[in-house]
Amino acid sequence: MREGLPARLRVVDSHTIGEPTRVVIDDTLAGRLDLGDGSVAVRRDRFREQYDHVRRALVGDPRGVDAMVGVITLPPADPDCTLGAFYFNRVGYLDMCGHATIGLAVTLGHLGRIRPGRFDLETPAGVIGVTWDGGHDVTFECVPPRRTHRNLPVACGDGVRVTGDVATSGLWFFLCRDHGLPVVPEAIPRLRERTWAIRRELEARGVTGDRGEAIDHIVLLGQPQDARNHGRAFVLCPDGAFDRSPCGTATSALVGTLHEDGLLTAGERWRQESILGGVYEASYRLAEGRCQPVVRGSCWITAESALHFDPADPYRAGLP
C-alpha cells in the first residue's frame, strides 16, 4: 500500500468555462499526510517530495482527464487567511491557478463550507482575495504582475520568428501577438505546434523566471470573435494540454502589461475570450502604486464522487 493513499477519497469535480478542476474534500487525506508546519508553499514542497504519487493518482490517467488541475486544501499559516490551498496537474505543481481558484470557491460554496462574500486564500504564489457571489460566479484578486522581458524575439525551429513579453502573476507566461495564426478552434493543431516551438526555444536559450522557473505557459493572443469582448487567447499549459478557459493567471499577467503600456486604465474592463469562446472579465486597481488584477469567471459542478484505490490495482497510483 502506498503511503498517503486510503482505499478511497471523496472529490468534487467542476469546470470553469470548460477547464476542469478536482478538489479533494475528504479529510482522511489530510490526516494521513505529515506535511509539518510552515507556509502553504513549504508544505506543498514537502508533499511533492514525499507524496507525489498521490498527485499522479488524483489527476493522472486513468482517473483524471486532459487539462485537469487538482486542489488540496490546508489550514493557512497566514493568520489573515481563511484557507490555504495548493494546485497540481498531470506533470507537476502550479504556484497559482485562476480557474482552479474559481472552481475551489464554487465547490466550497456548493458544500456549504463558505458563505457568499470574500475570503483570503493562502497559495504558494501568495495571498489571493476570493469572492464567491453565492452562485456560479467568483472573482479573485491575483498577485501583482511583473514583466521581465518586453518584445523578446524568438526564432522557432520551423523558421518562424515571433516576439513576445515574459510576464508573471503567479505563473510564468510568454505573451505573443505576432504569431501569424488565427486564434480559432479549427487552428488548434497549428496553435499547439507553434506554442511548443516557442517553449522549446525559450528553454534552449535559458530564458526563465526570476528563480530559474520554466516559462511553461505560452499564450498566443488574437482578436475577439464577439464584438463585446477585447481579446482572445490560446494558452499552452505545462502538461501539453491547452487551456479551455481564457486562463485567469495569464489574463492577470496580460492586464499588468496593458497597464504598463498605458492601454488599460484602473477600473476599466477587459473581456478576454478563450480559444473556445468562454469569457473572463478582468480589470485592475492600484494598491500602494502596484497593479492588482481582478478576474471574474463562472464555474459549474460536474460530479461528486469517490475515487477508489484498490491495493491490488497495478495502476493504483496512476499510470507511469
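Atom set for the values below is all heavy atoms of this structure, side chains included, hydrogens, waters and symmetry mates excluded. Note that this is a predicted model, so its numbers are computed, not measured.
- Ionic pairing of E304 and R10 is not present here: no N-O contact between side-chain nitrogen and carboxylate oxygen is shorter than 4.0 angstrom.
- Scanning both residues, P293 and S169, for their nearest heavy atoms gives CG-OG, 4.2 Å.
- The closest side-chain heavy-atom distance from T107 to S14 is below 4.5 Å.
- Between V69 and P20, the closest side-chain pair of non-hydrogen atoms is not below 4.5 Å.
- Ion pairing of R296 with E281 is absent here, as no side-chain N (NZ or NE/NH1/NH2) approaches a carboxylate O to less than 4.0 Å.
- Residues V295 and W132 share a hydrophobic cluster, clusters being chains of Ile/Leu/Val/Met/Phe/Trp/Tyr side chains in contact below 4.5 Å.
- Distance alone, capped at 3.5 Å, is enough to place a donor-acceptor pair between the E122 side chain and the V40 backbone.
- Atom-to-atom distance recorded for L33:CG and T28:OG1 is 9.0 Å, nearest 0.5 angstrom.
- Using a distance-only test at 3.5 Å, with no hydrogens or angles considered, no donor-acceptor pair links the side chain of E203 to the main chain of E201.
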* Could you go step by step and tell me if V130 and L104 meet the side-chain contact (heavy atoms from CB on, under 4.5 Å) rule? -> CA-CA 10 Å; V130 184; L104 172 61; over 6 Å; no
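- Heavy atoms only, all atoms of each residue included: I301 and H110 are closest at CG1-CG, 4.0 Å.
- V154 belongs to a hydrophobic cluster whose other members, connected by ILVMFWY side-chain contacts under 4.5 Å either directly or through intermediates, are L152, V160, V162, V166, W172, F174, L181, V183, I188, L191, W196, I198, L202, V207, I215, I218, L220, F234, L236, F242, I275, L276.
- Counted by atom type alone, S298 and D137 present one or more donor-acceptor pairs between their side chains at under 3.5 Å.
- In this structure, R48 forms a cation-pi arrangement with Y93, its terminal cationic atom sitting closer than 6.0 Å to the ring centre and no more than 45° off the ring axis.
- Hydrophobic clustering (side-chain heavy atoms under 4.5 Å, transitive across Ile, Leu, Val, Met, Phe, Trp, Tyr) keeps F86 apart from F140.
- Nearest approach of G84 to L121, heavy atoms of both residues: C-CD1, 4.0 Å.
- Between L221 and R177, the closest side-chain pair of non-hydrogen atoms falls below 4.5 Å.
- A salt bridge does not link D216 with R199: every distance from a Lys NZ or Arg NE/NH1/NH2 to an Asp or Glu carboxylate oxygen is 4.0 Å or more.
- Between the T16 side chain and the H99 main chain, a donor and an acceptor come within less than 3.5 Å of each other.
- If you take CG on L9 and CZ on R63, they are separated by 9.5 Å, rounding to the nearest 0.5 Å.
- Pairing each heavy atom of G278 with each of P246, the nearest pair is O-CG, 3.5 Å.
- The heavy-atom pair separating C299 from I102 by the smallest distance is CB-CG2, 3.7 Å.
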* **Full working for side-chain contact (heavy atoms from CB on, under 4.5 Å) between V11 and I25** => CA-CA 5 Å; V11 299; I25 62 169; 5.6 Å; no
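- Judged by distance alone, the side chains of T101 and Y87 do bring a donor and an acceptor atom under 3.5 Å apart.
- Within the model, atoms CG of L307 and CG of D26 stand 9.5 Å from one another, a figure rounded to the nearest 0.5 Å.
- With sequence neighbours left out, R290 forms a salt bridge (Lys or Arg N to Asp or Glu O under 4.0 Å) with no residue at all.
- Contact of the L263 side chain with the T257 side chain is not registered, since no non-hydrogen atoms from C-beta on lie closer than 4.5 Å.
- Legend: residues meeting side chain to side chain contact (heavy atoms under 4.5 Å, CB included) with R115, ordered by chain and number and at least two apart, are absent.
- Although no hydrogens or angles enter the test, the distance criterion places no donor-acceptor pair under 3.5 Å between the side chain of R46 and the main chain of Y51.
- Taking CG of L58 as the reference point, atom CE of M68 lies at 9.5 Å (rounded to 0.5 Å).
- Comment: D261 engages R150 in a salt bridge, judged by a side-chain N to carboxylate O separation of less than 4.0 angstrom.
- Of all heavy-atom pairs between A105 and I114, the closest is O-CD1, 3.5 Å.
- Between the side chain of R192 and the backbone N or O of G240 there is at least one donor-acceptor pair closer than 3.5 Å.
- Cluster membership check: V279 does not share its hydrophobic cluster with L254, using side-chain heavy-atom separations under 4.5 Å among Ile, Leu, Val, Met, Phe, Trp and Tyr.
- Annotation for R8: atom CZ does not count as buried by contact number, only 12 or fewer foreign heavy atoms lying within 6.0 Å.
- Look at D34 and R32 and you find no salt bridge, because none of the NZ, NE, NH1 or NH2 atoms lies under 4.0 Å from a carboxylate O.
- Residue Y315 belongs to a hydrophobic cluster whose other members are L319, with links defined by side-chain heavy atoms closer than 4.5 Å.
- With respect to the salt-bridge test (charged N to carboxylate O, under 4.0 angstrom), the residues D165 and R146 do not qualify.
- The pair R118-E141 meets the salt-bridge criterion, since a charged nitrogen lies less than 4.0 angstrom from a carboxylate oxygen.
- Annotation for N151: atom CG counts as buried by contact number, over 12 foreign heavy atoms lying within 6.0 Å.
- For E268 and W270, the side-chain atoms include no donor-acceptor pair closer than 3.5 Å.
- In this structure, H136 contributes its side chain and W300 its backbone to no donor-acceptor pair below 3.5 Å.
- No side-chain donor from either of T21 and H15 sits under 3.5 Å from a side-chain acceptor of the other.
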* Apply side-chain contact (heavy atoms from CB on, under 4.5 Å) to T148 and D210, showing your working. => CA-CA 8 Å; T148 58; D210 295 335; 3.8 Å; yes
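- The OG atom of S252 sits 9.5 Å away from the OH atom of Y280 when rounded to the nearest 0.5 Å.
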* After noting the C-alpha distance and the side-chain angles of T131 and V138, does the key distance pass the side-chain contact (heavy atoms from CB on, under 4.5 Å) rule? -> CA-CA 6 Å; T131 302; V138 175; over 6 Å; no
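- Under a 3.5 Å cut-off, the side chain of R316 and the backbone N or O of L5 do form a donor-acceptor pair.
- Separating the CZ atom in R269 from the OG atom in S283 is a distance of 4.0 Å, to the nearest 0.5 Å.
- Screening residues 219-244 for side-chain hydrogen bond (donor to acceptor under 3.5 Å, both in side chains) gives D66-R244, D226-R228, N229-R271, N229-E273, R232-E273, D243-S245 as the qualifying pairs, with residues at least two apart or on separate chains.
- Linking Ile, Leu, Val, Met, Phe, Trp and Tyr residues whenever their side-chain heavy atoms come within less than 4.5 Å places L286 and L264 in a single cluster.
- Linking Ile, Leu, Val, Met, Phe, Trp and Tyr whenever their side-chain heavy atoms come within less than 4.5 Å leaves V12 and F88 in two separate clusters.
- With sequence neighbours left out, P153 forms a side chain to side chain contact (heavy atoms under 4.5 Å, CB included) with R161, T163.
- Side-chain atoms of C247 and F173, non-hydrogen and from C-beta on, do get closer than 4.5 Å to each other.
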